[in-house]
Amino acid sequence: MSAFQAPTGTRDVLAPESSRFESLVARFARLAELAGYGLVVSPMFEDVALFSRGVGEATDVVTKEMYVFEDKGGRTIALRPEGTAPVVRAFVQHRPVLPWKAWYATPCFRYERPQAGRYRQFHQLGVEALGPQDADLDVEVVALFEGLRRSLGLEGVELRVNSMGDAACLPGYRAVLASYLSDHGEELCADHRTSWSRNPLRVLDCKKQACVSVRAGAPLLRDALCDACEAHFDRFLSGLGSLGIRWTRDDFLVRGLDYYTRTTFEFRASGLDAAQDTICGGGRYNGLVEELGGPPTPGIGFAAGVERILLACAVEGVELAPERATEVFVVDVVGGGSARDLTDALRRAGVAADRAFDGRSLKSQLKQADRSGARVACIVGPEEEAAGVVTVRWMRESGAGGPGPGRQERVARGDLVEAVARWTR
RNA sequence: GUGGCCGUAGCUCAGUUGGUUAGAGCGCCAGGUUGUGGCCCUGGAGGUCGGGGGUUCAAGUCCCCUCGGUCACCCCA
């Protein structure tokens, strides 16, 4: 065990795994840009109040999971526990023209006990779209993640949707639910028996049998939605249908952050354990911008967990990155000067080239060439050096009609780059 | 924050009722082949047995503490 280790709940991602990570982000970036979203890069830390106000004072994320510290100027700072609040803050600060559509890929930090699919530093991909209240925007946002899912080839993913209502109907429902719960408070699970009044909606989300039984008889928000919310949700659902996106309505989908209104949704991966199977979660937050000091502005977005998506891909055997192997390995048993110059020339020509160092033996260098995955080795020994040529050795099958492993030919040094570019194409 | 399980080489793991100098496979390095990778053979490097304390003539092994990993709860991506 080494003297220093990555802190609890964090991890190092080395190649080749890191290329899967990179490839996922790149794929998402392409889809987001394709849909008119622009990259937003905002600070990894913010005034702690941004999160307590934005995410909700009473949420677990705020009360017990934030990395908070005081900086040398006496400011109380928090490492971002999620991506939405910072993006909305950036919007309020800069006021770009509406509609404003942004995407991001960022580390997030939450002080929790690590577990499969849960880390203290994890990574989120997300989008936020501010301005329109049009339900078609809700459809677009969901379709964006659905597009990523499809492009990855992930199959075991379920989309669950719900409407949280808005300021016109949610408070009324909350009161109705609260009065129902006050009649059944004794039947709730141990945790909620005392705490349900703080946030009655949380009970709907509880997995304990006691709460599940109670909620079975509870009044439903779907029956309390106002006409406007009802119409919005209907248009959202029919829009999903029109795009061929399958969904399941879940009356108990109550997401943990305070800012959601109307549309909420989650993508769940069946290959993961139920406790951490949400690979993407999001919804509308029509009050958040105002809450953070901006003008009343509707918004919607989602955040997707990179580690969890990667985990789901691994479970389904989905290969992400056709990892870019070295194409040409230069073996130089003379002095290394040729290796230096030839690899540089190959790289300038866009060919992935590598070499050995420290004057290793021919055998050792060829072994490294083999390990690198290169299809060809370019060998420079005393004979080649004297004749101004290189020996090209095929290390692998080269496809139909090509030379097989072990076949060699000589090429004039000056022709190498062009010849290799032709072979490796 | 609470609970279960687990820490021996870079990786995966053996290590008997406590008993000489802690092993294997894979990987790595070198040689077998003074110009040829993969397969094979031979050899080599690599370990504060997670850390600290205790019991004992003797601790990888038993006890306590601690750190770390992992899984679950809570909650979330």
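In this text, all values refer to a predicted model and were calculated from it rather than measured experimentally. In the text below, chain A, chain B and the rest are named by the order of the sequence lines, each starting its count at 1.
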Q. Between A:R413 and A:S338, do the side chains contain an N or O donor and an N or O acceptor separated by less than 3.5 Å?
A. yes

Q. How long is the line joining CD of A:Q365 and P of B:A30, in whole Å?
A. 10 Å

Q. With sugar-phosphate meaning primed atoms plus P, OP1 and OP2, does A:R371 contact a base, only sugar-phosphate, or nothing at under 4.0 Å between heavy atoms?
A. sugar-phosphate

**Q.** Separation between the C1' atoms of B:U17 and B:G44, rounded to whole Å
**A.** 37 Å

Q.
Nearest to the A:D60 side chain among B:G37, B:A77, B:C74, which nucleotide is it?
A. B:C74

Q | B:A45 to B:C26 separation - C1' atoms, rounded to the nearest Å | A | 16 Å

Q: Would you mind classifying the nucleic acid contact of A:G117 as base, sugar-phosphate or nothing, using non-hydrogen atoms under 4.0 angstrom?
A: base

Q. Could you state the interatomic distance from CG (A:L24) to CD (A:E22), rounded to the nearest 0.5 Å?
A. 9.5 Å

Q. With rounding to whole Å, what would you report as the distance between B:G51 and B:G68 at their P atoms?
A. 15 Å

Q | Distance, C1' atom - from B:U33 to B:U42, rounded to whole angstrom | A | 14 Å

Q. What does A:E307 touch in the nucleic acid at a heavy-atom separation under 4.0 angstrom: a base, only the sugar-phosphate, or nothing?
A. nothing

Q: Assign A:Y119 to base, sugar-phosphate, or nothing according to its heavy-atom contacts below 4.0 angstrom with the strands shown.
A: base

Q) Who is the Watson-Crick or G-U wobble partner of B:G47, with both distances under 3.5 Å? A) none

Q. Base, sugar-phosphate, or nothing: which does A:R11 touch, judged by heavy atoms less than 4.0 Å apart?
A. nothing

Q) What integer distance in Å separates A:L79:CG from B:A77:P? A) 17 Å

(Q) Counting the atoms with a prime plus P, OP1 and OP2 as sugar-phosphate, which does A:I379 contact under 4.0 Å by heavy atoms, base, sugar-phosphate, or nothing? (A) base

**Q.** Assigned partner base of B:U17, Watson-Crick or wobble definition, under 3.5 Å
**A.** none

Q | Pair A:R80-A:S42, side-chain donor/acceptor within less than 3.5 Å | A | yes

Q.
In this structure, how many angstroms lie between the P atom of B:A72 and the CD atom of A:E112, rounded?
A. 13 Å

Q: Compare the minimum distances between each of B:A30, B:C75, B:G35 and the side chain of A:S364, then state the nucleotide with the smallest one.
A: B:A30

Q | Pairing partner (Watson-Crick or G-U wobble, both distances under 3.5 angstrom) of B:U56 | A | none

**Q.** Interatomic distance where CD belongs to A:E266 and P belongs to B:C75 [whole Å]
**A.** 13 Å

(Q) Is it true that A:T391 and A:Q408 share a donor-acceptor pair across their side chains at a distance under 3.5 Å? (A) no

Q) Are any of A:Q115's side-chain N or O atoms less than 4.0 Å away from OP1 or OP2 of B:A72? A) yes

Q: Map A:G381 and A:G281 onto RNA chain B by nearest heavy atom, then report which one ends up closer to the 5' terminus.
A: A:G381

Q.
Measuring from the side chain of A:E383 (C-beta onward, heavy atoms only), which nucleotide among B:G35, B:G38, B:C75 has the closest atom?
A. B:G35

Q: State the pairing partner of B:C26; accept Watson-Crick or G-U wobble contacts with both distances under 3.5 Å, and report none otherwise.
A: B:G10

(Q) Between A:R396 and B:G38, is there a contact of a side-chain N or O with OP1 or OP2 at under 4.0 Å? (A) no

Q: Mind calculating the distance between CG (A:L362) and P (B:G31) to the nearest angstrom?
A: 11 Å

Q: Write down the distance separating the P atoms in B:C29 and B:G10, rounded off to the nearest Å.
A: 16 Å

Q) Should the ring pair A:F267 and A:F145 be called parallel, tilted or perpendicular, given that the plane angle runs from 0 to 90° and is split at 30 and 60? A) tilted

Q.
Using Watson-Crick or G-U wobble geometry with both distances under 3.5 Å, which nucleotide pairs with B:U36?
A. none

Q) Mind checking the P distance from B:C75 to B:U56? Whole angstroms is fine. A) 50 Å

Q: Would you classify A:E82 as touching base, sugar-phosphate or nothing, given that sugar-phosphate means primed atoms plus P, OP1 and OP2, and contacts are heavy atoms under 4.0 Å?
A: nothing

Q. Which nucleotide in the set B:C29, B:G1, B:G68 lies at the smallest distance from any side-chain heavy atom of A:K367?
A. B:C29

Q: Would you please say whether a donor-acceptor pair under 3.5 Å links the side chains of A:W100 and A:E128?
A: no

Q: Kindly say if A:T8 contacts the phosphate of B:G69, meaning a side-chain N or O under 4.0 Å from OP1 or OP2.
A: yes

Q: Name the nucleic acid region contacted by A:Q408, choosing base, sugar-phosphate or nothing; use a 4.0 angstrom heavy-atom cut-off, strictly under.
A: base

Q) Which part of the nucleic acid, if any, lies within contact of A:G282, taking any heavy atom under 4.0 Å across all strands shown: a base, the sugar-phosphate backbone alone, or nothing? A) nothing

Q) To the nearest Å, how far apart are A:L253 CG and B:A77 C1'? A) 14 Å

Q) Between B:G69, B:G35, B:C71, which one does the side chain of A:R113 approach most closely? A) B:C71

Q. Does any donor-acceptor pair link the side chain of A:R118 with the base of B:C75 at a separation under 3.5 Å?
A. yes

Q: Rounded off to whole Å, could you give me the CG-to-P distance for the A:L311 and B:C71 pair?
A: 9 Å

(Q) Regarding B:G35, can its base be found pairing with the side chain of A:E384 as donor and acceptor, where the two atoms are less than 3.5 Å apart? (A) yes

Q.
Check this for me: does the side-chain of A:K363 come within 3.5 Å of the base of B:G32 through a donor and an acceptor?
A. yes

Q) Contact class for A:A116 vs. all strands (heavy atom < 4.0 Å): base, sugar-phosphate, or nothing? A) sugar-phosphate

Q: Find the distance A:Q368:CD to B:G38:P and express it as a whole number of Å.
A: 13 Å

Q | No-hydrogen, no-angle side-chain donor-acceptor test under 3.5 Å, A:T248 and A:E158 | A | yes

Q: Quick one: label A:C280 by what it contacts on the DNA or RNA (base, sugar-phosphate, nothing), any heavy atom closer than 4.0 Å.
A: sugar-phosphate

Q | Spacing of the P atoms in B:U8 and B:C62 (rounded, Å) | A | 15 Å

Q: Verify the ring-centre separation between A:Y260 and A:Y285: is it less than 6.0 angstrom?
A: no

Q) If we take the P atom in both B:G69 and B:G50, what is their distance in whole Å? A) 15 Å

Q | Nearest-nucleotide pick for A:Q124, side chain only, options being B:A77, B:C73, B:G1 | A | B:A77

Q: With a 3.5 angstrom cut-off on both distances, give the Watson-Crick or G-U wobble partner of B:G3, or none if there isn't one.
A: B:C71

Q | Distance-only polar pair, side chains of A:Y37 and A:E140, donor-acceptor under 3.5 Å | A | yes

